[in-house]
Amino acid sequence: MACKQDYYTIMNGLQELDFQANAVPSDLVLIGESAFPLAINPRGQVLMAASHYGQGRVVVLGHEEYLRRFPVLIKNAIMWLMPCTGDAGIVGIQKSLRSVAEKLNYCPIKTELGDFRNGLAVYITDAYSVGSCAKDLIAFIKAGGGLIIAGQAWHWAATHPQENTIKNFPGNKVCSVAGIYFSEHYGDVGIFPVPRNIPSNWIAVSMCKDFKDDLKFLLEGVSEFDVQGGDIASEVMVHGPLAFPIAVTPAGKTFIAGAYYGQGRVILLSHEGYMGRDSLSTFLINAIKWLDEGRKGVIGILPSLQAAHTVLSKSGLDCQLTGFRKDLSVYVCTSYSDAQCAEIQDFVAEGGGLMIGGHAWYWAQTHCGCNVMTDYAGNRILNKMGLCLLDSTLAGGLYKAPKIENRYKEVYHFRSMLQRFAEHVSLGHELTNHEQSFLKQLGNDCASYLSMRSYDSAAYTSMVALLSDIVKKVGVPQVCSKCPVQSEKDRLMLHIGIEVYKVSPDPDALIPYIIKDIPNLPTVSNARVRISANTAAYEEWISTGLYLSPGMKTNIAVPPEIVGKNWQVQLGCQTDNIGGSDVLKRAPVVHERFPLDTEMVQVCNLWGGLIYLIAPPQSKVDGVEIVVHVSVQAPYFKSGETSVADWVDRIRQAPAPWAELEFENIIITLESEYIRNLDCPDEVAKLWDTIMRSIADLAARPGKFPRKERFVADVQISYGFMHAGYPIMMDSTSAPELVNVQEAYKSGLWGPIHELGHNQQRGVWEFSPHTTECTCNLWSVYVHEEVLGLNRSNAHPEMTLENRQARTTKYCSGGKDLNSWSMWTALETYMQLQEKFGWDAFKKVFTAYQDMNGVPNDNAGKMNLYAETFSKVVNLNLCPFFKAWGWPIQPSIEEKISHLPEWSDHPMVQYA
């Protein structure tokens with residue numbers, strides 16, 4: 001962290017700072033990534049600060065008296081400010097600060113008393129007389145010069161009550177470009193120790209401006225924000241102390257925001273389409289004038305924003321379609337390019353206005369594995385300004401403009417809400433119901449903010465320290481099935497604990513506050529695992545039989561054959577994100593992935609988990625070896641490699657809490673408690689090998705699956721009691737049925753086979769949503785009858801003849817409306833076909849589809865094609881049958897298969 005070394009240099013030799021006596025300082029406001037505090041009082045007020053801008057540096061003191069009171073600090077600061085260029089290292093000192101020059105006489109520093117001039121190395125000045133040379137001083141700093149500026153703004157603010165202190169106080173016209181402002185608030189004084197590291201205080205996250213005057217200007221004549229229509233916007237996160245929400249949804253989600261940055265201003269709209277909307281024209285014209293600040297300069301508008309040009313031209317300002325130019329007053333652009341990021345940031349810092357629009361959700365969806373906070377172009381520009389676009393979406397609507405007088409009672413702001421929560425934690429202040437409703441959003445924003453990983457930013461590292469302190473003070477709920485998390489506060493603490501652990505400089509120190517009573521499991525060293533893979537279009541998990549305990553680190557030696565080829569390590573089998581659930585029985589996300597981009601990779605997961613290698617699509621390796629330096633052995637049975645004797649005598653008692661059974665075509669992952677007494681894994685293998693071959697048989701696919709299916713039994717999953725996918729997720733209470741062979745033959749496995757059937761469904765012969773929960777059950781019926789020997793009427797209660805007939809009767813008496821043809825009712829259509837033509841007909845139909853091209857996209861077209869295909873397979877005209885079910889069979893299809901004899905005695909004749 002560069003600013004940490006800067007802090008050490010400036011504060012070297014100082015043990016405490018005596019701010020007592022008559023000098024009442026200003027509280028300094030810090031923004032951006034470069035500014036850092038030198039002194040903070042117990043109220044969280046910054047009394048001294050430093051920063052970088054361009055090639056130069058700045059030190060700001062909250063009162064001019066401090067130039068004389070702290071000679072050691074001033075000497076250190078001068079040495080830190082000294083640039084590589086300059087006229088023999090001369091320190092210029094403003095005329096009125098003669099006493100400061102006298103105190104420096106004993107130092108080997110060349111000083112010069114007088115007005116600022118070019119060629120100096122460092123200039124020392126008060127904050128009151130720099131207005132006339134502000135531009136020169138900014139250019140001086142930017143080119144590599146050093147500046148010490150001292151003063152207070154609270155008296156100026158009192159004598160200029162109608163003026164904007166942040167913008168117009170003379171000192172702010174200079175030091176604001178470096179992210180430091182003199183505020184109108186005076187700071188408390190005392191004798192304060194100099195901490196070893198950059199000081200921080202949770203109170204310092206508070207807002208430093210109420211923005212009422214800005215909002216009054218921006219919302220003049222605006223009663224509502226009409227963002228109805230098809231534009232899908234991103235949510236805006238407002239995180240800077242000089243950034244503020246302007247337009248919000250009733251749920252507190254911001255979609256338009258503003259900010260001060262340096263001497264300039266910013267307006268962010270979370271969809272570029274908003275900038276060209278007539279319905280927002282009053283606000284947009286207000287905004288462009290607020291950005292222009294009365295200069296009546298050129299408004300440069302990105303040429304692709306023609307609609308924005310049309311609306312903004314109504315402002316009467318000189319609006320031109322142009323790329324970015326430094327001579328503009330305001331630049332209007334989208335958030336999709338950061339090609340001129342630094343130039344735009346400097347443009348705003350030095351007084352320009354920026355209106356920027358765009359969304360980040362689509363980028364996030366199309367850039368999996370990337371960090372929207374740091375990698376998205378718009379956020380590279382905006383983060384320094386205290387704003388960013390999130391990957392979450394906001395639907396359009398008609399939203400009322402908030403009442404300015406109640407603004408900060410009603411509107412969510414990350415910093416103010418975090419301060420209120422810190423007060424609640426540290427001082428016991430109760431949260432209002434309104435504030436409690438924002439706790440979920442606060443957790444999401446903490447996660448987003450922390451994901452920036454801006455370790456060179458003092459603002460960021462102080463936020464990490466603050467959240468770490470909150471975790472240590474409050475602790476994290478020990479979420480489990482017996483102690484589920486339900487309250488918003490507990491959810492917030494769980495969220496914060498997880499996210500701050502990921503970015504903490506000392507994560508091990510946080511673990512006892514997040515997970516208590518971690519078992520001390522025996523480990524193995526240098527476990528060697530041979531890896532083979534031959535993947536097609538999808539990634540594949542490769543089991544290692546190894547486990548890491550929560551927070552446990554290990555190094556993995558990676559063979560060169562897979563380094564840098566998109567292979568990954570995954571820790572944890574529970575890959576469902578359950579964050580949308582009202583009640584949590586585990587943390588929302590408990591797995592982690594790491595790229596294998598070097599020959600030695602260190603991995604760790606807060607929640608621990610089984611270790612997997614993730615083979616990317618289109619990869620082929622045979623017998624390469626990884627070495628896991630330290631890990632925990634897991635119960636792992638693999639058909640053809642593990643003997644039953646070894647399993648019973650040794651392997652099933654391996655200490656890891658998760659176990660895996662890997663068979664010919666499927667891998668079952670479940671908690672180890674369910675297999676500790678499993679004596680016959682080979683019988684379980686035989687059952688599942690037969691089931692999986694029968695699934696492939698009905699699908700008319702080869703018996704060996706290209707990728708083994710997976711079951712993972714978890715304490716909580718993202719939706720349903722089970723759901724399909726890779727892996728198929730199921731509730732852990734169902735885990736025992738997967739390994740109980742006798743019970744499977746007695747009672748069946750409808751649920752698991754249903755999900756395996758989902759994975760066999762293909763869009764070409766699916767009619768979503770009607771058959772989504774229907775055709776998967778073809779496999780359920782087939783497996784139960786062909787493998788388990790259970791008649792369909794006994795396999796599931798809904799499959800009794802009585803229930804089947806009742807559904808068909810109800811469907812037909814209701815007018816055969818396809819809107820009610822779904823799930824069990826739709827399944828009856830297929831069952832009638834099966835009972836007439838057998839399973840072989842379905843196998844032939846599935847075969848026909850495998851090489852079929854030009855399949856329609858709409859349900860009606862696909863249903864006609866299915867009727868035609870099935871008819872050709874069985875050599876009967878099935879159109880009367882499908883029409884009797886209400887299918888939209890077209891005359892052209894009837895004509896195509898009119899040469900086939902009709903199925904005239906089909907089961908639906910009775911309902912004609």
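Index from 1, following the sequence.
- Judged by distance alone, with hydrogens and angles left aside, the side-chain atoms of Q850 form a donor-acceptor pair with the main-chain N or O of A700 at under 3.5 Å.
- For residues 709-729, the ring-ring contact (aromatic ring centres under 6.0 Å, His included) pairs, not counting sequence neighbours, are W541-Y726, W688-F711, Y719-H723.
- Within 6.0 Å of the NZ atom in K704, the count of heavy atoms belonging to other residues, nucleotides or ligands exceeds 12.
- For D582, the CG atom counts as loosely surrounded, since its 6.0 Å shell holds 12 or fewer non-hydrogen atoms of other residues, nucleotides or ligands.
- Without hydrogens or angle criteria, S581 side chain to L584 main chain gives no donor-acceptor distance under 3.5 Å.
- The main-chain N or O of W363 is found under 3.5 Å from a side-chain atom of T366 such that the two form a donor-acceptor pair.
- With rounding to the nearest 0.5 angstrom, the CD1 atom of I691 is 5.5 Å from the CG atom of L788.
- Applying the 6.0 Å contact sphere to CD of E835 captures more than 12 heavy atoms from other residues, nucleotides or ligands.
- The closest side-chain donor-acceptor pair between W821 and N819, if any, does not fall under 3.5 angstrom.
- Using cut-offs of 30° and 60° on the angle between ring planes, the pair W765 and F846 is tilted.
- Under the 30°/60° scheme for interplanar angles, the aromatic rings of W750 and H796 are found to be tilted.
- Nearest heavy atom pair, residue M831 against residue W839, reads CE-CH2, 4.1 Å.
- K816 NZ: more than 12 foreign heavy atoms inside a 6.0 Å radius.
- Under the salt bridge (charged side-chain N to carboxylate O under 4.0 Å, His left out) criterion, K872 pairs with E868, sequence neighbours left out.
- By the ring-ring contact (aromatic ring centres under 6.0 Å, His included) test, H758 pairs with H754, sequence neighbours left out.
- Across every non-hydrogen atom of P736 and S732, the tightest pair is CD-O, 3.9 Å.
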With a 3.5 Å cut-off and sequence neighbours excluded, list the donor-acceptor pairs that the side chains of residues 873-887 form with protein atoms.
from: N877; atom 1: OD1; to: C879; atom 2: N; distance (Å): 3.0
from: K883; atom 1: NZ; to: E894; atom 2: OE2; distance (Å): 3.3
from: W885; atom 1: NE1; to: Q832; atom 2: OE1; distance (Å): 3.1

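- Looking at heavy atoms from C-beta onward, Y830 lies out of side-chain contact with N777 at the 4.5 angstrom threshold.
- Between the side chain of S487 and the backbone N or O of D490 there is at least one donor-acceptor pair closer than 3.5 Å.
- The OG atom of S898 lies 11.5 Å from the CD1 atom of I893; values are rounded to the nearest 0.5 Å.
- The minimum heavy-atom distance between A615 and A533, with the atom names listed, is CB-CB, 4.0 Å.
- A heavy-atom distance below 4.5 Å is not found between the side chains of Q574 and H591.
- Judged by distance alone, the side chain of D576 and the main-chain N or O of Q716 form no donor-acceptor pair under 3.5 Å.
- Of all the heavy atoms in P681 and F637, the pair that sits closest is CG-CE1, 3.6 Å.
- Residues L818 and P888 are in side-chain contact: their nearest non-hydrogen atoms beyond the backbone lie under 4.5 Å apart.
- Considering only heavy atoms from C-beta on, Q760 stays 4.5 Å or farther from L698 through its side chain.
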Checking M692 against L756 for the side-chain contact (heavy atoms from CB on, under 4.5 Å) test, could you report, in this order, the C-alpha distance in whole Å, the side-chain angles of both residues, the deciding distance, and whether it holds? CA-CA 9 Å; M692 297 306 293; L756 287 164; 3.9 Å; yes
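- The two residues S532 and I542 make their nearest non-hydrogen contact at O-CD1, 3.8 Å.
- Heavy-atom contacts from other residues, nucleotides or ligands closer than 6.0 Å to CD of Q365 number more than 12.
- Applying salt bridge (charged side-chain N to carboxylate O under 4.0 Å, His left out) to D840 and the options K843, K836, K844 leaves one that passes, K843.
- Heavy atoms from other residues, nucleotides or ligands lying under 6.0 Å from CG of N857 number 12 at most.
- When the shell of 6.0 Å around NZ of K686 is examined, it contains 12 or fewer heavy atoms from other residues, nucleotides or ligands.
- Judged purely by distance below 3.5 Å, without hydrogens or angles, the side chains of T800 and N803 pair a donor atom with an acceptor atom.
- Judged by distance alone, with hydrogens and angles left aside, the side-chain atoms of K810 form no donor-acceptor pair with the main-chain N or O of T825 at under 3.5 Å.
- Considering I611, L610, L521 in turn, L521 is the only one that fulfils the side-chain contact (heavy atoms from CB on, under 4.5 Å) rule with V632.
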Checking side chain to side chain donor-acceptor pair (under 3.5 Å) for the pair Q761/T775: CA distance, chi angles, key distance, verdict? CA-CA 7 Å; Q761 289 174 317; T775 50; 2.8 Å; yes
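- Here the side chain of R491 pairs a donor or acceptor atom with the backbone of G579 at under 3.5 angstrom.
- Judged by distance alone, the side chain of T535 and the main-chain N or O of P616 form a donor-acceptor pair under 3.5 Å.
- In terms of modelled atom types and a separation under 3.5 Å, the side chain of N577 and the main chain of S718 share no donor-acceptor contact.
- By the 4.5 Å heavy-atom criterion applied to side chains, P635 and W647 are counted as neighbours.
- When all heavy atoms are compared, the tightest approach of V764 to K862 is O-CD, 3.6 Å.
- A heavy-atom distance below 4.5 Å is found between the side chains of L548 and V603.
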Residues L778, Q834; criterion side-chain contact (heavy atoms from CB on, under 4.5 Å); working and verdict: CA-CA 9 Å; L778 292 173; Q834 191 278 327; 6.0 Å; no
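- Using a 4.5 Å heavy-atom cutoff, the side chains of W567 and V621 are in contact.
- The backbone N or O of T809 sits less than 3.5 Å from a side-chain atom of S813, completing a donor-acceptor pair.
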Below 3.5 Å, can you tabulate the donor-acceptor pairs from side chains in residues 656-663 to any protein atom, sequence neighbours excluded?
from: E660; atom 1: OE1; to: S543; atom 2: OG; distance (Å): 2.6
from: E660; atom 1: OE2; to: Y612; atom 2: OH; distance (Å): 2.6
from: E660; atom 1: OE2; to: T669; atom 2: OG1; distance (Å): 2.6
from: E660; atom 1: OE2; to: R710; atom 2: NH1; distance (Å): 3.2
from: E662; atom 1: OE1; to: Y636; atom 2: OH; distance (Å): 2.5
from: E662; atom 1: OE2; to: K708; atom 2: NZ; distance (Å): 2.9

Worked verdict on Y745 versus L687 for side-chain contact (heavy atoms from CB on, under 4.5 Å): CA-CA 9 Å; Y745 280 101; L687 170 66; 3.9 Å; yes
Should L613 and I562 be marked as a side-chain contact (heavy atoms from CB on, under 4.5 Å) after you check the CA-CA gap, both sets of side-chain angles, and the distance that decides it? CA-CA 11 Å; L613 261 66; I562 64 175; 4.0 Å; yes
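- Ionic pairing of D679 and R652 is present here: one or more N-O contacts between side-chain nitrogen and carboxylate oxygen are shorter than 4.0 angstrom.
- There is a side-chain donor-acceptor pair under 3.5 Å between Y782 and D697.
- Here NZ of K585 is found 10.5 Å from SG of C480. Values are rounded to the nearest 0.5 Å.
- With a 6.0 Å radius and a threshold of 12 heavy atoms from other residues, nucleotides or ligands, D817 has its CG atom above the threshold.
- With a 4.5 Å cut-off on side-chain heavy atoms, N864 and I889 count as touching.
- Within the structure, salt bridge (Lys or Arg N to Asp or Glu O under 4.0 Å) pairs that include any residue of residues 752-779 do not occur (at least two apart or interchain).
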